[in-house]
2 protein chains.
Amino acid sequence: MDRRQIKTRDAIFQALIALLSEKSFHRITVGEIIDLANVGRATFYAHFETKDFLLKELCEELFAHVFEAETGSAAAHSHIFDCEAPDSVFLHLLQHLRKNDNHILELLSGQSNELFLLYFKENLKELVKGQLSGMKMEKPAALPEDFWVNHISSVFVETVRWWIDHNLDESPEEINEYFLQVI
Amino acid sequence: MDRRQIKTRDAIFQALIALLSEKSFHRITVGEIIDLANVGRATFYAHFETKDFLLKELCEELFAHVFEAETGSAAAHSHIFDCEAPDSVFLHLLQHLRKNDNHILELLSGQSNELFLLYFKENLKELVKGQLSGMKMEKPAALPEDFWVNHISSVFVETVRWWIDHNLDESPEEINEYFLQVI
DNA sequence: CTGATACCGAACAAGATGTTCGGTAATAAA
DNA sequence: TTTATTACCGAACATCTTGTTCGGTATCAG
(Lines give C-alpha, C1' and ligand atoms only; values in the text may rest on other atoms or scores of the structure.)
Protein backbone atom coordinates (compact mmCIF):
# COMPACT_ATOMS: atom_id res chain seq x y z
CA MET A 1 0.00 0.00 0.00
CA ASP A 2 1.12 3.53 -0.70
CA ARG A 3 3.13 4.93 2.17
CA ARG A 4 1.41 8.27 1.76
CA GLN A 5 -1.94 6.74 2.64
CA ILE A 6 -0.60 5.10 5.77
CA LYS A 7 1.03 8.33 6.84
CA THR A 8 -2.04 10.50 6.55
CA ARG A 9 -4.33 7.82 7.91
CA ASP A 10 -2.16 7.56 10.97
CA ALA A 11 -1.86 11.32 11.30
CA ILE A 12 -5.64 11.60 11.33
CA PHE A 13 -5.96 8.85 13.92
CA GLN A 14 -3.38 10.47 16.16
CA ALA A 15 -5.06 13.84 15.80
CA LEU A 16 -8.41 12.39 16.77
CA ILE A 17 -6.92 10.61 19.76
CA ALA A 18 -5.27 13.83 20.92
CA LEU A 19 -8.50 15.78 20.55
CA LEU A 20 -10.54 13.08 22.26
CA SER A 21 -8.53 13.49 25.43
CA GLU A 22 -9.62 17.12 25.53
CA LYS A 23 -13.24 17.15 24.48
CA SER A 24 -16.03 14.73 23.72
CA PHE A 25 -16.37 13.31 20.26
CA HIS A 26 -19.40 15.19 19.06
CA ARG A 27 -17.79 18.51 19.90
CA ILE A 28 -14.77 17.77 17.74
CA THR A 29 -14.93 19.21 14.26
CA VAL A 30 -13.40 17.91 11.07
CA GLY A 31 -11.63 21.23 10.76
CA GLU A 32 -9.81 20.67 14.04
CA ILE A 33 -8.80 17.17 13.05
CA ILE A 34 -7.29 18.11 9.71
CA ASP A 35 -5.58 21.11 11.25
CA LEU A 36 -3.89 18.99 13.89
CA ALA A 37 -3.15 16.24 11.42
CA ASN A 38 -1.83 18.68 8.83
CA VAL A 39 -4.01 17.22 6.15
CA GLY A 40 -6.15 18.76 3.46
CA ARG A 41 -9.88 18.74 3.83
CA ALA A 42 -10.38 16.78 0.63
CA THR A 43 -7.81 14.26 1.82
CA PHE A 44 -9.79 13.57 4.94
CA TYR A 45 -12.94 12.78 3.03
CA ALA A 46 -10.94 10.65 0.64
CA HIS A 47 -10.04 8.44 3.59
CA PHE A 48 -13.19 8.50 5.69
CA GLU A 49 -16.72 8.88 4.46
CA THR A 50 -17.67 10.73 7.62
CA LYS A 51 -16.50 11.57 11.11
CA ASP A 52 -18.42 8.65 12.57
CA PHE A 53 -16.74 6.19 10.27
CA LEU A 54 -13.41 7.55 11.38
CA LEU A 55 -14.30 6.80 14.97
CA LYS A 56 -15.55 3.36 14.08
CA GLU A 57 -12.35 2.48 12.22
CA LEU A 58 -10.23 3.86 15.02
CA CYS A 59 -12.08 1.68 17.50
CA GLU A 60 -11.68 -1.38 15.34
CA GLU A 61 -7.98 -0.76 15.00
CA LEU A 62 -7.47 -0.15 18.70
CA PHE A 63 -9.67 -2.91 20.05
CA ALA A 64 -8.31 -5.33 17.49
CA HIS A 65 -4.96 -4.98 19.22
CA VAL A 66 -6.33 -5.51 22.68
CA PHE A 67 -8.56 -8.45 21.92
CA GLU A 68 -6.19 -10.10 19.49
CA ALA A 69 -3.56 -10.12 22.21
CA GLU A 70 -6.14 -11.63 24.51
CA THR A 71 -7.42 -14.40 22.33
CA GLY A 72 -3.80 -15.04 21.46
CA SER A 73 -2.92 -15.57 25.08
CA ALA A 74 -5.80 -17.98 25.50
CA ALA A 75 -5.42 -19.91 22.27
CA ALA A 76 -2.15 -19.78 20.36
CA HIS A 77 0.07 -19.14 23.36
CA SER A 78 -2.07 -21.02 25.79
CA HIS A 79 0.95 -22.98 26.95
CA ILE A 80 2.12 -19.88 28.78
CA PHE A 81 -1.04 -19.70 30.79
CA ASP A 82 -1.68 -23.38 31.11
CA CYS A 83 -1.93 -23.25 34.83
CA GLU A 84 -4.54 -20.49 34.82
CA ALA A 85 -8.27 -20.64 34.56
CA PRO A 86 -9.88 -19.19 31.45
CA ASP A 87 -11.44 -16.60 33.74
CA SER A 88 -8.11 -14.88 33.94
CA VAL A 89 -8.71 -13.61 30.46
CA PHE A 90 -10.50 -10.75 32.14
CA LEU A 91 -7.62 -10.07 34.45
CA HIS A 92 -5.31 -9.87 31.47
CA LEU A 93 -7.68 -7.52 29.75
CA LEU A 94 -7.69 -5.26 32.80
CA GLN A 95 -3.92 -5.32 33.07
CA HIS A 96 -3.63 -4.60 29.39
CA LEU A 97 -5.99 -1.66 29.72
CA ARG A 98 -4.10 -0.36 32.71
CA LYS A 99 -0.91 -0.26 30.69
CA ASN A 100 -2.85 2.28 28.70
CA ASP A 101 -1.49 1.26 25.34
CA ASN A 102 -2.57 3.66 22.67
CA HIS A 103 -4.37 5.71 25.28
CA ILE A 104 -7.38 3.46 25.12
CA LEU A 105 -8.40 4.22 28.65
CA GLU A 106 -8.33 7.93 28.03
CA LEU A 107 -10.72 7.32 25.19
CA LEU A 108 -12.99 5.06 27.17
CA SER A 109 -13.35 7.72 29.80
CA GLY A 110 -14.29 11.26 28.87
CA GLN A 111 -17.83 12.49 29.19
CA SER A 112 -20.00 11.47 26.28
CA ASN A 113 -17.84 8.81 24.73
CA GLU A 114 -20.60 6.28 24.91
CA LEU A 115 -19.81 5.13 21.41
CA PHE A 116 -16.48 3.79 22.57
CA LEU A 117 -18.04 1.70 25.27
CA LEU A 118 -20.56 0.47 22.74
CA TYR A 119 -17.88 -0.68 20.33
CA PHE A 120 -15.88 -2.06 23.21
CA LYS A 121 -18.82 -4.12 24.33
CA GLU A 122 -19.43 -5.39 20.80
CA ASN A 123 -15.91 -6.73 20.58
CA LEU A 124 -16.09 -8.11 24.08
CA LYS A 125 -19.25 -10.01 23.28
CA GLU A 126 -17.48 -11.85 20.50
CA LEU A 127 -14.69 -12.75 22.88
CA VAL A 128 -17.10 -13.94 25.55
CA LYS A 129 -19.14 -15.91 23.07
CA GLY A 130 -16.05 -17.77 21.97
CA GLN A 131 -14.71 -18.48 25.43
CA LEU A 132 -18.00 -19.17 27.11
CA SER A 133 -17.75 -22.94 27.00
CA GLY A 134 -14.42 -23.12 28.79
CA MET A 135 -15.29 -20.69 31.52
CA LYS A 136 -15.62 -21.37 35.17
CA MET A 137 -18.71 -19.23 35.46
CA GLU A 138 -21.52 -21.47 34.46
CA LYS A 139 -24.71 -20.14 33.00
CA PRO A 140 -27.78 -20.66 35.15
CA ALA A 141 -29.96 -23.10 33.32
CA ALA A 142 -32.99 -20.88 32.95
CA LEU A 143 -31.25 -18.10 31.05
CA PRO A 144 -31.02 -17.75 27.28
CA GLU A 145 -27.46 -17.95 26.06
CA ASP A 146 -27.34 -14.56 24.38
CA PHE A 147 -28.76 -12.97 27.49
CA TRP A 148 -25.94 -14.51 29.47
CA VAL A 149 -23.31 -13.38 26.98
CA ASN A 150 -24.75 -9.90 26.95
CA HIS A 151 -24.83 -9.84 30.72
CA ILE A 152 -21.22 -10.82 31.23
CA SER A 153 -20.04 -8.34 28.64
CA SER A 154 -22.17 -5.57 30.07
CA VAL A 155 -20.98 -6.14 33.60
CA PHE A 156 -17.38 -6.12 32.49
CA VAL A 157 -17.79 -2.91 30.54
CA GLU A 158 -19.63 -1.21 33.37
CA THR A 159 -17.05 -2.43 35.82
CA VAL A 160 -14.35 -0.85 33.70
CA ARG A 161 -16.40 2.32 33.51
CA TRP A 162 -16.65 2.41 37.29
CA TRP A 163 -12.95 1.75 37.55
CA ILE A 164 -12.17 4.64 35.25
CA ASP A 165 -14.51 6.96 37.10
CA HIS A 166 -12.53 6.11 40.23
CA ASN A 167 -9.30 7.16 38.53
CA LEU A 168 -8.02 3.59 38.45
CA ASP A 169 -7.25 3.76 42.14
CA GLU A 170 -7.71 0.01 42.49
CA SER A 171 -5.33 -2.56 41.09
CA PRO A 172 -6.37 -4.77 38.16
CA GLU A 173 -6.40 -7.71 40.56
CA GLU A 174 -8.88 -5.99 42.84
CA ILE A 175 -11.13 -5.04 39.98
CA ASN A 176 -10.99 -8.55 38.63
CA GLU A 177 -11.98 -9.77 42.07
CA TYR A 178 -14.94 -7.39 42.14
CA PHE A 179 -15.93 -8.53 38.70
CA LEU A 180 -15.80 -12.20 39.55
CA GLN A 181 -17.78 -11.62 42.75
CA VAL A 182 -20.75 -10.09 41.01
CA ILE A 183 -20.82 -12.64 38.21
CA MET B 1 -46.76 30.23 35.64
CA ASP B 2 -47.79 31.72 32.34
CA ARG B 3 -49.92 29.29 30.37
CA ARG B 4 -48.13 30.25 27.19
CA GLN B 5 -44.85 28.96 28.53
CA ILE B 6 -46.34 25.64 29.51
CA LYS B 7 -48.00 25.31 26.12
CA THR B 8 -44.90 25.89 24.06
CA ARG B 9 -42.70 23.92 26.39
CA ASP B 10 -45.03 20.98 26.03
CA ALA B 11 -45.31 21.43 22.28
CA ILE B 12 -41.54 21.27 22.00
CA PHE B 13 -41.38 18.18 24.17
CA GLN B 14 -44.03 16.43 22.13
CA ALA B 15 -42.31 17.38 18.90
CA LEU B 16 -39.03 15.97 20.12
CA ILE B 17 -40.67 12.76 21.25
CA ALA B 18 -42.34 12.36 17.88
CA LEU B 19 -39.11 12.95 16.04
CA LEU B 20 -37.16 10.63 18.32
CA SER B 21 -39.34 7.72 17.31
CA GLU B 22 -38.23 8.29 13.72
CA LYS B 23 -34.56 9.16 13.89
CA SER B 24 -31.75 9.27 16.40
CA PHE B 25 -31.25 12.36 18.49
CA HIS B 26 -28.13 13.76 16.88
CA ARG B 27 -29.77 13.66 13.46
CA ILE B 28 -32.67 15.80 14.64
CA THR B 29 -32.35 19.49 13.94
CA VAL B 30 -33.70 22.42 15.85
CA GLY B 31 -35.45 23.48 12.68
CA GLU B 32 -37.44 20.26 12.57
CA ILE B 33 -38.41 20.55 16.19
CA ILE B 34 -39.74 24.09 15.95
CA ASP B 35 -41.52 23.27 12.70
CA LEU B 36 -43.34 20.37 14.25
CA ALA B 37 -43.99 22.25 17.45
CA ASN B 38 -45.16 25.34 15.59
CA VAL B 39 -42.86 27.55 17.56
CA GLY B 40 -40.59 30.39 16.59
CA ARG B 41 -36.88 29.86 16.51
CA ALA B 42 -36.24 32.56 19.08
CA THR B 43 -38.87 31.02 21.33
CA PHE B 44 -37.05 27.72 21.34
CA TYR B 45 -33.83 29.29 22.50
CA ALA B 46 -35.73 31.29 25.07
CA HIS B 47 -36.78 27.99 26.64
CA PHE B 48 -33.73 25.79 26.15
CA GLU B 49 -30.16 26.91 26.02
CA THR B 50 -29.35 24.16 23.58
CA LYS B 51 -30.68 20.96 22.03
CA ASP B 52 -28.86 18.84 24.59
CA PHE B 53 -30.43 20.68 27.48
CA LEU B 54 -33.82 20.05 25.93
CA LEU B 55 -33.10 16.34 25.94
CA LYS B 56 -31.86 16.46 29.50
CA GLU B 57 -34.96 18.24 30.73
CA LEU B 58 -37.21 15.90 28.83
CA CYS B 59 -35.52 12.94 30.47
CA GLU B 60 -35.84 14.44 33.89
CA GLU B 61 -39.52 15.08 33.35
CA LEU B 62 -40.20 11.61 32.00
CA PHE B 63 -38.12 9.64 34.45
CA ALA B 64 -39.42 11.71 37.32
CA HIS B 65 -42.84 10.25 36.58
CA VAL B 66 -41.63 6.69 36.42
CA PHE B 67 -39.44 6.74 39.49
CA GLU B 68 -41.74 8.86 41.55
CA ALA B 69 -44.49 6.33 40.99
CA GLU B 70 -42.06 3.65 42.05
CA THR B 71 -40.73 5.20 45.20
CA GLY B 72 -44.31 6.06 45.97
CA SER B 73 -45.33 2.44 45.78
CA ALA B 74 -42.53 1.46 48.10
CA ALA B 75 -42.79 4.26 50.59
CA ALA B 76 -45.97 6.30 50.79
CA HIS B 77 -48.28 3.59 49.55
CA SER B 78 -46.28 0.77 50.95
CA HIS B 79 -49.36 -0.65 52.57
CA ILE B 80 -50.51 -1.82 49.18
CA PHE B 81 -47.39 -3.86 48.68
CA ASP B 82 -46.86 -4.86 52.25
CA CYS B 83 -46.73 -8.51 51.44
CA GLU B 84 -44.11 -8.09 48.75
CA ALA B 85 -40.37 -8.00 48.96
CA PRO B 86 -38.67 -4.71 48.14
CA ASP B 87 -37.12 -6.51 45.19
CA SER B 88 -40.43 -6.32 43.42
CA VAL B 89 -39.71 -2.67 42.85
CA PHE B 90 -37.90 -3.80 39.74
CA LEU B 91 -40.84 -5.84 38.57
CA HIS B 92 -43.05 -2.81 38.93
CA LEU B 93 -40.58 -0.75 37.00
CA LEU B 94 -40.59 -3.29 34.20
CA GLN B 95 -44.37 -3.42 34.11
CA HIS B 96 -44.54 0.32 34.13
CA LEU B 97 -42.13 0.50 31.23
CA ARG B 98 -44.07 -2.11 29.34
CA LYS B 99 -47.19 -0.01 29.57
CA ASN B 100 -45.14 2.39 27.55
CA ASP B 101 -46.42 5.53 29.19
CA ASN B 102 -45.22 8.60 27.38
CA HIS B 103 -43.46 6.38 24.88
CA ILE B 104 -40.50 6.00 27.17
CA LEU B 105 -39.57 2.67 25.74
CA GLU B 106 -39.54 3.99 22.21
CA LEU B 107 -37.11 6.59 23.41
CA LEU B 108 -34.94 4.14 25.29
CA SER B 109 -34.60 2.05 22.18
CA GLY B 110 -33.56 3.64 18.92
CA GLN B 111 -30.02 3.48 17.69
CA SER B 112 -27.81 6.08 19.26
CA ASN B 113 -29.96 7.06 22.20
CA GLU B 114 -27.22 6.27 24.64
CA LEU B 115 -27.90 9.49 26.46
CA PHE B 116 -31.30 8.22 27.50
CA LEU B 117 -29.88 5.10 29.04
CA LEU B 118 -27.29 7.23 30.78
CA TYR B 119 -29.92 9.48 32.33
CA PHE B 120 -32.05 6.46 33.10
CA LYS B 121 -29.19 4.86 34.95
CA GLU B 122 -28.51 8.05 36.87
CA ASN B 123 -32.05 8.14 38.18
CA LEU B 124 -32.03 4.43 38.86
CA LYS B 125 -28.90 4.73 40.94
CA GLU B 126 -30.63 7.17 43.23
CA LEU B 127 -33.51 4.76 43.62
CA VAL B 128 -31.22 1.83 44.31
CA LYS B 129 -29.16 3.80 46.77
CA GLY B 130 -32.28 4.63 48.72
CA GLN B 131 -33.74 1.16 48.76
CA LEU B 132 -30.52 -0.73 49.17
CA SER B 133 -30.87 -1.37 52.86
CA GLY B 134 -34.24 -3.07 52.62
CA MET B 135 -33.38 -5.33 49.74
CA LYS B 136 -33.17 -9.04 49.72
CA MET B 137 -30.05 -9.01 47.62
CA GLU B 138 -27.29 -8.53 50.08
CA LYS B 139 -24.04 -6.94 49.12
CA PRO B 140 -21.04 -9.25 49.30
CA ALA B 141 -18.88 -7.96 52.09
CA ALA B 142 -15.77 -7.29 50.07
CA LEU B 143 -17.38 -4.85 47.67
CA PRO B 144 -17.51 -1.07 48.04
CA GLU B 145 -21.04 0.21 48.40
CA ASP B 146 -21.02 2.50 45.40
CA PHE B 147 -19.64 -0.28 43.27
CA TRP B 148 -22.55 -2.42 44.30
CA VAL B 149 -25.08 0.32 43.62
CA ASN B 150 -23.53 0.98 40.24
CA HIS B 151 -23.55 -2.71 39.46
CA ILE B 152 -27.21 -3.28 40.23
CA SER B 153 -28.22 -0.22 38.27
CA SER B 154 -26.05 -1.16 35.33
CA VAL B 155 -27.36 -4.67 35.16
CA PHE B 156 -30.93 -3.47 35.29
CA VAL B 157 -30.38 -0.94 32.51
CA GLU B 158 -28.55 -3.46 30.36
CA THR B 159 -31.24 -6.00 31.00
CA VAL B 160 -33.82 -3.52 29.81
CA ARG B 161 -31.69 -2.80 26.77
CA TRP B 162 -31.54 -6.47 25.96
CA TRP B 163 -35.28 -6.74 26.47
CA ILE B 164 -35.91 -3.89 24.07
CA ASP B 165 -33.55 -5.33 21.49
CA HIS B 166 -35.62 -8.50 21.68
CA ASN B 167 -38.78 -6.55 20.89
CA LEU B 168 -40.17 -7.11 24.38
CA ASP B 169 -41.04 -10.68 23.48
CA GLU B 170 -40.68 -11.76 27.09
CA SER B 171 -43.09 -10.80 29.85
CA PRO B 172 -42.03 -8.41 32.60
CA GLU B 173 -42.16 -11.33 35.00
CA GLU B 174 -39.71 -13.33 32.92
CA ILE B 175 -37.32 -10.40 32.61
CA ASN B 176 -37.53 -9.76 36.31
CA GLU B 177 -36.67 -13.40 36.86
CA TYR B 178 -33.64 -13.10 34.57
CA PHE B 179 -32.59 -9.98 36.40
CA LEU B 180 -32.86 -11.54 39.82
CA GLN B 181 -30.98 -14.60 38.69
CA VAL B 182 -27.91 -12.69 37.60
CA ILE B 183 -27.82 -10.45 40.63
C1' DC C 1 12.00 6.90 -16.23
C1' DT C 2 7.02 7.07 -16.52
C1' DG C 3 2.35 6.68 -15.65
C1' DA C 4 -0.61 6.60 -11.83
C1' DT C 5 -2.34 8.58 -7.74
C1' DA C 6 -2.32 10.70 -3.27
C1' DC C 7 -2.08 15.10 -1.64
C1' DC C 8 -2.69 20.25 -1.40
C1' DG C 9 -5.29 24.45 -0.98
C1' DA C 10 -8.68 27.14 -2.07
C1' DA C 11 -13.05 27.80 -3.17
C1' DC C 12 -17.84 26.47 -3.03
C1' DA C 13 -22.98 25.42 -1.98
C1' DA C 14 -25.93 23.72 1.37
C1' DG C 15 -27.46 23.57 5.77
C1' DA C 16 -27.43 24.27 11.02
C1' DT C 17 -26.68 27.17 14.94
C1' DG C 18 -27.64 30.84 17.92
C1' DT C 19 -28.81 35.91 18.12
C1' DT C 20 -31.24 40.21 17.26
C1' DC C 21 -35.24 43.23 16.88
C1' DG C 22 -39.67 45.48 16.15
C1' DG C 23 -44.33 44.33 16.36
C1' DT C 24 -48.37 41.57 18.12
C1' DA C 25 -51.19 39.25 21.29
C1' DA C 26 -51.97 36.80 25.45
C1' DT C 27 -51.59 37.07 30.38
C1' DA C 28 -51.68 38.37 35.35
C1' DA C 29 -52.64 41.83 38.48
C1' DA C 30 -54.95 46.14 39.67
C1' DT D 1 -62.06 46.52 32.59
C1' DT D 2 -57.87 48.53 32.28
C1' DT D 3 -52.94 48.38 32.41
C1' DA D 4 -48.32 46.91 32.48
C1' DT D 5 -45.89 42.94 31.56
C1' DT D 6 -44.05 39.41 28.95
C1' DA D 7 -44.17 35.45 25.86
C1' DC D 8 -44.38 34.83 21.22
C1' DC D 9 -43.77 35.63 16.17
C1' DG D 10 -41.15 35.89 11.95
C1' DA D 11 -37.73 37.31 9.49
C1' DA D 12 -33.36 38.50 8.96
C1' DC D 13 -28.55 37.86 10.17
C1' DA D 14 -23.55 36.41 11.02
C1' DT D 15 -21.17 32.35 11.89
C1' DC D 16 -19.81 27.81 11.67
C1' DT D 17 -19.77 23.05 9.87
C1' DT D 18 -20.19 19.82 6.36
C1' DG D 19 -19.10 17.59 2.17
C1' DT D 20 -17.69 18.40 -2.77
C1' DT D 21 -15.02 20.10 -6.67
C1' DC D 22 -10.91 21.15 -9.34
C1' DG D 23 -6.35 22.21 -11.22
C1' DG D 24 -1.71 21.84 -9.93
C1' DT D 25 2.19 19.49 -7.44
C1' DA D 26 4.80 15.91 -5.38
C1' DT D 27 5.40 11.20 -4.39
C1' DC D 28 4.92 6.57 -5.25
C1' DA D 29 5.26 1.69 -7.58
C1' DG D 30 6.87 -0.79 -11.36
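Naming: A, B, ... by sequence-line order, numbering from 1 per chain. Below, all heavy atoms of this structure are taken into account, side chains as well, without hydrogens, waters or symmetry copies.
- Comparing dA25(C), dA11(C), dA26(D) by their closest approach to the side chain of Arg4(B) singles out dA25(C).
- At dG19(D), one or more side-chain N or O atoms of Tyr45(A) fall inside 4.0 Å of OP1 or OP2 (strictly under the cut-off).
- In this structure, Arg3(A) reaches the sugar-phosphate backbone alone: every heavy-atom distance under 4.0 Å involves primed, P, OP1 or OP2 atoms, never a base.
- Heavy-atom distances to DNA chain D give each of Thr29(A) and Ala42(A) a nearest nucleotide, and the one nearer the 5′ end belongs to Thr29(A).
- Here His47(B) reaches the OP1 or OP2 of dC8(D): one of its side-chain N or O atoms lies under 4.0 Å away.
- Atom CE in Met1(B) sits about 16 Å away from atom C1' in dA26(C), given to the nearest Å.
- Note on residues 156-178 of chain B: pairs passing salt bridge (Lys or Arg N to Asp or Glu O under 4.0 Å), not counting sequence neighbours, are Lys121(A)-Glu158(B), Glu114(B)-Arg161(B), Glu158(B)-Arg161(B).
- Taking the six-membered ring for Trp and the full ring otherwise, Trp163(B) and His166(B) have centroids separated by 6.0 Å or more.
- If you find the closest nucleotide of DNA chain C to Gly31(B) and to Gln5(A), the one lying nearer the 5' end belongs to Gln5(A).
- Nearest to the side chain of Val39(B), among dT17(C), dC9(D), dA6(C), sits dC9(D).
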Table please: side-chain donor-acceptor pairs of residues 49-62 of chain B below 3.5 Å, with sequence neighbours left out.
{"unit_1": "Lys51(B)", "atom_1": "NZ", "unit_2": "Ile28(B)", "atom_2": "O", "d": "2.7"}
{"unit_1": "Glu57(B)", "atom_1": "OE1", "unit_2": "Arg9(B)", "atom_2": "NH1", "d": "3.0"}
{"unit_1": "Glu57(B)", "atom_1": "OE1", "unit_2": "Arg9(B)", "atom_2": "NH2", "d": "3.0"}

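- Taking the six-membered ring for Trp and thresholds of 30 and 60 degrees, Phe147(A) and Trp162(B) have ring planes more than 60 degrees apart, a perpendicular arrangement.
- Atoms CD1 (Ile34(A)) and C1' (dT20(D)) sit 13 Å apart, rounded to a whole Å.
- Across the protein-nucleic acid pair, Phe44(B) atom CZ and dA7(D) atom C1' stand 16 Å apart, rounded to whole Å.
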